[in-house]
2 protein chains.
Amino acid sequence: MALRHAVLAALLDEELSGYQLTKAFDLGVANFWHAQPQQLYAELTRLEQDGLVTGREVVQDNRPNKRLFRVTDAGLAELEHFTALAAKPSFIRDDLLVKVQAADHVDTETLIARLTERSAFAQAKIDLFGRLLHTMRGDRTEEEFLRHGERIGPYLTCLRGLAFEHGNRDWCERAAAVLRERQGAHVRN
Amino acid sequence: MALRHAVLAALLDEELSGYQLTKAFDLGVANFWHAQPQQLYAELTRLEQDGLVTGREVVQDNRPNKRLFRVTDAGLAELEHFTALAAKPSFIRDDLLVKVQAADHVDTETLIARLTERSAFAQAKIDLFGRLLHTMRGDRTEEEFLRHGERIGPYLTCLRGLAFEHGNRDWCERAAAVLRERQGAHVRN
DNA sequence: TGTTACATGTAAATCGTTACATGATTGA
DNA sequence: TCAATCATGTAACGATTTACATGTAACA
């Protein structure tokens, strides 16, 4: 049950509503956890029942009212406890890799199309993460920020997300290139 | 429902029993999908019911009898169809990243311990994947193998797994180094 | 004699995705 | 007026994990 800890970790920096959390989980938080809005609303309810977060109603004029949540001391203690446990290894589960595993048995054109799509997706995330990192460190260099910054957790996780997407993009390009070359060679023979 | 396609892809090269599949999903196949033995046995049963694989009983003297499965033509067509669909983006869901996200709020020593554990785990997989790749390409160079090898799908997915674990190891080392340096600076102040 | 590997499952619980549902406001 | 954004859910289904269950044979 790590979704609850992901939510707690995401709420450490600021009070957020369920809706804002879903936005966060679409952007930066997606570097370390991914979840649907429905999961987040449900988890917030449970976390509040368990006293790990507290919500306060914020009345708004123009927009629907919302509830902002922040982590309680009990929530912080729960995170501390969670950190002390051995982390489970993180496994890859990727549709695209399944398709590439079958590369020699399925249509090459189709596979190259999938790789190209994924590569573009990865590039978009690379750009996004680059901007996020820049926002976090301001005009400091990365070294300087990591040495003396006040809040480096989100920066470090974003670095992992960036490296992951670099890995995705580079691998997609390489695999597509290999398939294209083999296709060419086959046609010429 | 991509587990079924992962199983089909894993069975492309050789007839395997459920037990052998669980071993494969512990090793190479874990580069593109991860699953528990219970899932695999259940999925094999469903796949056979749906006619996508066929099993044959192999009577053994010393060991319990086993059933070896291979992909049928219908199974191959299903894989082809699956490949034509847009691949879902693959998201990270990682305990360890949740812990690092909370870095500035939890105990640093503990976090460094988790990062060190993960780094060692990643290194072990790097070694394993290096050996697997070498086995697949034999005495050919990688370039040569990828150009003319007869079965490159598993090689390409293993390359992705290798890059992923390199990313894991390098990031863990970096994050641990950053935390250690900040800890040292704090103690001296 | 005890542990590991071989071999295959069932059942319960938890987690995650997809579909459905509602309603206001802002901006094009 | 139509789409997008804000705001929050319920219900059904599918996927995954964990616990329980069984038995033989090889090896140290």
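Fair warning: this is a prediction, and the values are worked out from it, not measured in the lab. Chain A is the first sequence line, chain B the second, and so forth, proteins listed ahead of strands; every chain is numbered from 1. The basis for the numbers below is simple: all heavy atoms, side chains too, and nothing from hydrogens, waters or symmetry mates.
Taking atom NZ of residue A:Lys88 and atom C1' of nucleotide D:dT17, one finds them 8 Å apart after rounding to whole Å. Residue A:Glu43 contributes atom CD, which lies 15 Å from atom C1' of D:dG9 at whole-angstrom precision. The interatomic distance linking A:Tyr19 (OH) with D:dC6 (C1') rounds to 5 Å, in whole Å. The nearest whole Å value for the distance from the NE2 atom in A:His34 to the P atom in C:dC15 is 17 Å. Taking atom CG of A:Leu16 as the reference point, atom C1' of D:dT8 lies 16 Å away to the nearest angstrom. What separates NZ of B:Lys66 from P of D:dT24 is a distance of 19 Å, to the nearest Å. Residue A:Arg46 contributes atom CZ, which lies 10 Å from atom P of C:dT14 at whole-angstrom precision. The nearest whole Å value for the distance from the CD atom in B:Gln60 to the P atom in C:dA5 is 17 Å.
Scanning for side chain to side chain contact (heavy atoms under 4.5 Å, CB included) contacts around A:Gln60 gives A:Val58, A:Arg63, A:Asn65, A:Lys66, with sequence neighbours left out.
You'll find that the side chain of B:Tyr41 is closest to C:dG9, out of C:dG9, D:dT17, C:dG16.
The shortest side-chain heavy-atom distance between A:Arg131 and A:Asp127 falls under the 4.5 Å cut-off.
The closest donor-acceptor contact from the side chain of B:Glu181 to the backbone of A:Arg147 lies at 3.5 Å or more, if one exists at all.
Contact check, B:Gln38 against C:dT8: no side-chain N or O comes under 4.0 Å of OP1 or OP2. Here B:Gln39 reaches the OP1 or OP2 of D:dT17: one of its side-chain N or O atoms lies under 4.0 Å away. Regarding contacts with the backbone of D:dT16, every side-chain N or O of B:Gln36 stays at 4.0 angstrom or more from both OP1 and OP2.
With respect to B:Leu47, the side-chain contact (heavy atoms from CB on, under 4.5 Å) criterion is satisfied by exactly one of B:Val53, B:Thr72, B:Val71, B:Leu3: B:Val53.
Judged by closest nucleotide on DNA chain C, B:Leu68 is the one of A:Ala35 and B:Leu68 placed further toward the 5' end. Nearer to the 5' terminus of DNA chain D, by closest-nucleotide assignment, is the contact made by A:Gly18 (compared with the other of A:Gly18 and B:Leu3).
Below 30°, between 30° and 60°, or above 60°: for A:Phe145 and A:Tyr155 the angle between ring planes is between 30° and 60°, a tilted geometry. Relative orientation of the A:Phe82 and A:His5 rings is parallel, given thresholds of 30° and 60° on the angle between their planes.
The pair A:Asp104-B:Arg151 counts as a salt bridge, with a side-chain nitrogen and a carboxylate oxygen less than 4.0 angstrom apart. Between B:Arg4 and B:Glu78, none of the side-chain N atoms (NZ, or NE/NH1/NH2) sits under 4.0 Å from a carboxylate O, so this pair counts as no salt bridge. The pair A:Glu143-B:Arg174 meets the salt-bridge criterion, since a charged nitrogen lies less than 4.0 angstrom from a carboxylate oxygen.
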For this session: Let me have a per-nucleotide readout for nucleotides 22-28 of chain C, 5' to 3', with B, S or -, counting only protein heavy atoms under 4.0 Å.
Result: -B-SS--
Problem set entry | Working for side chain to side chain contact (heavy atoms under 4.5 Å, CB included), residues B:Arg160 and A:Asn168 | CA-CA 8 Å; B:Arg160 183 68 192 100; A:Asn168 266 335; 3.1 Å; yes
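A rotation axis mapping the C1' atoms of four pairs onto the next four is fitted at both ends of the helix from C:dT1-D:dA28 to C:dA28-D:dT1 over five pairs, and the angle between these axes is 40° to 10 degrees.
Nucleic acid contact class of A:Arg93 (heavy atoms, under 4.0 Å, all strands): sugar-phosphate only.
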